[in-house]
Protein chains: 2
Amino acid sequence: MVTIAKIAQELGVSTSTVSKALNGYSEISEKTRSKIMNLATEMGYTPNATAQSLVRKRADTVGVVYEVEYGLKNLFFSSVLEAFRRNVQGRGYDILFLSDNGTSQNYLKHCISKNVDAVLVISTGTSVESVRKLINSDLALMMFDPWYQSKNTIYTDSYNAIKKSCKYLYDLGHRKIAFLNGSYSNFIGRERLKGYLDFIKEKNLEPYYIKNHSNESYSYDEGYKTMKNLFETYGLPDAVCTVSDLMAIGALHYLQNHGYHVPDDVSIIGFDDLSICDISTPKLTTMKQDIEAIGKQACDALIDMLVQGHRTVKPIIVDATIVVRDSCKKKSNH
Amino acid sequence: MVTIAKIAQELGVSTSTVSKALNGYSEISEKTRSKIMNLATEMGYTPNATAQSLVRKRADTVGVVYEVEYGLKNLFFSSVLEAFRRNVQGRGYDILFLSDNGTSQNYLKHCISKNVDAVLVISTGTSVESVRKLINSDLALMMFDPWYQSKNTIYTDSYNAIKKSCKYLYDLGHRKIAFLNGSYSNFIGRERLKGYLDFIKEKNLEPYYIKNHSNESYSYDEGYKTMKNLFETYGLPDAVCTVSDLMAIGALHYLQNHGYHVPDDVSIIGFDDLSICDISTPKLTTMKQDIEAIGKQACDALIDMLVQGHRTVKPIIVDATIVVRDSCKKKSNH
DNA sequence: GTGAAAGCGCTAACAC
DNA sequence: GTGTTAGCGCTTTCAC
């Protein structure tokens with residue numbers, strides 16, 4: 001390992017001179033600087049980030065708490081993380097995946113210990129206590145898809161997104177609009193339900209949804225089962241509004257398995273706009289979450305906190321837009 | 001921040017005593033130890049991992065070089081990473097995502113700088129030079145799906161996997177077996193082609209594949225286009241053997257769009273066994289890569305190197321097995 | 001069983 | 001402009 005001490009010794013200068021030259025301090029003469037720079041590259045000098053981190057009290061690293069069902073196989077959350085990762089790495093930071101350290105799950109301690117500059121929390125909420133401690137610390141932190149309303153969060157405007165979904169179906173002539181609900185226990189899930197119920201009320205329609213069963217994983221299976229439940233309770237709707245693409249595809253398959261055609265008999269709209277929308281048959285019309293914007297804005301907010309020194313930022317709410325594919329069509333009158 | 005110095009001062013002992021107590025040295029008396037432990041927890045002491053890392057020369061962190069098309073949205077590689085992550089974190093390591101640091105892409109320097117203990121490389125090969133430097137360093141390193149044969153790699157036995165795929169189709173009565181190829185320029189891709197060609201030769205069949213077009217991203221689109229190309233060149237095959245689930249689904253859709261039924265008219269077999277196999281219509285029969293085993297064995301190998309101190313391990317080759325769903329059936333004689 | 005002291009590699013006052 | 005010095009928080013010989 002080549003250190004600044006070696007370079008200094010080799011050149012007969014002091015370590016501080018080397019350090020300053022390497023860090024671009026203006027007070028170093030051009031002559032010494034170039035001598036130092038040349039030797040440094042020649043010797044293959046690499047700064048020891050650990051030592052730097054110890055004295056600078058920052059690690060150029062952002063921690064990520066990622067606690068999500070199916071982990072990185074969860075296409076939605078991993079897509080958000082991907083967008084975040086590109087932005088953060090583009091700004092010169094590394095990403096440290098914080099493990100939950102056995103049972104202790106003390107993310108705050110872990111962050112402090114590893115000296116991360118900022119933290120992104122993507123957690124669907126199993127270790128609430130540990131995350132809450134994080135939030136109440138003075139770390140720069142952003143939380144994606146929070147399970148409760150709070151500062152320093154970023155999320156899609158789910159309330160209006162679902163309303164837009166419903167309106168799209170409504171404008172297509174559908175009146176019996178069913179809703180495939182998500183979680184009833186977290187903020188995002190409740191927002192979506194509210195969007196649906198408000199729309200239904202505004203238009204004076206009948207609600208079609210399962211009141212007593214919260215869906216926590218937004219999965220294909222949940223979509224399939226909820227559609228079954230819905231169908232057996234209410235019969236065939238005109239259209240179904242969903243809270244995830246996977247659930248939409250689950251519902252789609254339930255209906256197809258029971259002899260119905262989508263979109264001829266029923267229209268279905270997804271939520272998220274994952275890559276699987278294009279591989280379903282029919283291709284899935286969906287409410288697109290602007291994942292790129294989410295990743296970028298989460299990154300920007302975090303870096304802004306670092307630069308400005310503040311630790312609180314108002315919730316960032318991102319708009320959703322519809323992506324029309326083939327799973328919805330005008331209500332037919334056969 | 002509470003440091004060992006504070007604890008020491010508070011208790012009127014030396015920092016070295018505190019350090020030893022905290023680290024479970026046997027020479028510390030039970031009495032002092034418990035005094036120290038109690039105060040430490042009471043004060044909320046968290047060891048500064050950076051300082052520890054500086055002196056211990058390890059960071060309890062494994063670096064991950066992840067350079068893959070679509071990034072974490074790539075369901076295959078992100079699934080491998082997920083399995084790896086769980087294993088590694090279970091062993092007490094954090095995962096550091098190494099950024100490619102702008103244009104320099106010097107992973108080796110980055111690893112040294114950040115003091116990572118080991119590295120997993122999941123790279124489909126754009127920055128070959130940088131990765132090669134990594135491999136030739138004395139870091140503990142494993143590489144998944146290498147683009148060339150080398151020590152310290154882990155991958156699925158693609159050659160035999162494709163042979164098994166073909167044999168499965170053959171045993172179903174299919175003789176006109178087409179092949180949707182992957183990359184011609186990397187090791188894994190060539191292994192798969194070889195498996196196909198050897199099988200064809202052994203059974204004295206005609207090969208049906210596109211000789212002059214390498215597919216690099218194993219995507220839906222590539223599957224669709226290659227199937228089109230294949231169909232227009234050779235007409236309808238009995239069955240098609242593919243190198244990825246996504247390509248299989250692309251091919252499936254091409255055939256469906258052209259009025260053919262899978263599996264009645266054509267059988268298709270995928271490769272990987274991603275979660276999307278269950279949501280395609282029909283559900284995709286596929287060659288399953290044992291992603292859990294890959295993640296675990298990569299982790300084990302790395303930790304073994306760390307413990308044993310060696311840096312070279314023979315290639316780890318993982319078996320693949322077939323998962324039967326609905327996209328293949330016996331050749332019919334209509 | 002406990003402590004003093006050196007040092008990991010680096011940065012940043014402060015002198016000169 | 002350059003060097004001296006004092007740490008950052010921790011571990012680890014080596015004395016006692």
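A note on names: the letters A, B, ... follow the listed sequences, proteins ahead of strands, and every chain is numbered from 1. Heavy-atom basis, side chains included; hydrogens, waters and symmetry copies ignored.
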For D:dC8 and B:Asn48 - does any side-chain N or O of the residue sit under 4.0 Å from the phosphate oxygens OP1/OP2? no
Short side-chain N/O contact from B:Thr32 to OP1 or OP2 of C:dT2, under 4.0 Å: yes
Rounded to whole angstroms, how far apart are CZ on A:Arg56 and C1' on C:dC8? 17 Å
Per A:Thr3 side chain, nearest of listed nucleotides D:dT12, C:dC10, D:dT2: C:dC10
Flag this pair as yes if the NZ/CZ of B:Arg85 is under 6.0 angstrom from the six-membered ring centre of A:Tyr66 and inside a 45 degree cone about the axis; otherwise no. no
Look at A:Ser16 and C:dA12 and indicate whether a side-chain polar atom (N or O) is within less than 4.0 Å of OP1 or OP2. no
Using a cut-off of less than 4.0 Å, is there contact between a side-chain N or O of B:Gln52 and OP1 or OP2 of D:dG9? no
Whole Å only: how far is the CG atom of B:Leu22 from the C1' atom of C:dG3? 16 Å
Between the side chains of B:Asp60 and A:Lys114, is the shortest nitrogen-to-carboxylate-oxygen separation below 4.0 Å, so that they form an ion pair? no
Just verifying a value: how many Å separate B:Thr32 OG1 and B:Glu27 CD, rounded to the nearest 0.5 Å? 11.0 Å
Specify the separation, in whole Å, of atom CD1 of B:Ile112 and atom C1' of C:dC10. 17 Å
A:Thr15 or A:Ser29, whichever maps to the more 5' nucleotide of DNA chain D: A:Ser29
With DNA chain C as reference, determine whether B:Lys57 or B:Lys20 sits nearer its 5' end, using the nearest nucleotide of each. B:Lys20
Please report the distance, rounded to the nearest Å, between CD1 in A:Ile36 and P in D:dG3. 8 Å
Atom CD1 of A:Ile4 to atom P of D:dT5: distance rounded to whole Å? 16 Å
Taking the side chain of B:Thr17 as heavy atoms from C-beta outward, which of C:dC10, D:dT11, C:dG3 is closest to it? C:dG3
B:Lys114 has an atom NZ; how far is it from atom P of C:dC10, in whole Å? 14 Å
What I want to find out is whether A:Glu82 reaches A:Arg86 closely enough, with some N-O distance under 4.0 Å, to be called a salt bridge. yes
Kindly point out which of D:dG3, D:dT11, D:dC8 is positioned nearest to the side chain of A:Val55? D:dC8
Is there a side-chain contact between A:Ser19 and the phosphate of C:dT11, meaning an N or O under 4.0 Å from OP1 or OP2? yes
A:Leu54 has a side chain; which of D:dT2, C:dG7, C:dG9 sits nearest to it? C:dG9
So which atom in B:Lys133 and which in B:Leu108 form the shortest heavy-atom distance, rounded to 0.1 Å? O-CD2, 3.8 Å
Among D:dG3, C:dG9, D:dT12, which nucleotide sits nearest the side chain of B:Tyr25? D:dT12
Measuring only between side-chain heavy atoms, which start at C-beta, is B:Thr153 closer than 4.5 Å to B:Met142? no
Output yes when at least one side-chain N/O atom of B:Ser14 is less than 4.0 Å from OP1 or OP2 of C:dA4, else no. no
Taking NZ from B:Lys35 and P from C:dT2, how many angstroms apart are they, rounded to a whole number? 8 Å
In whole angstrom, give the distance that lies between atom CG of A:Leu11 and atom P of D:dG3. 10 Å
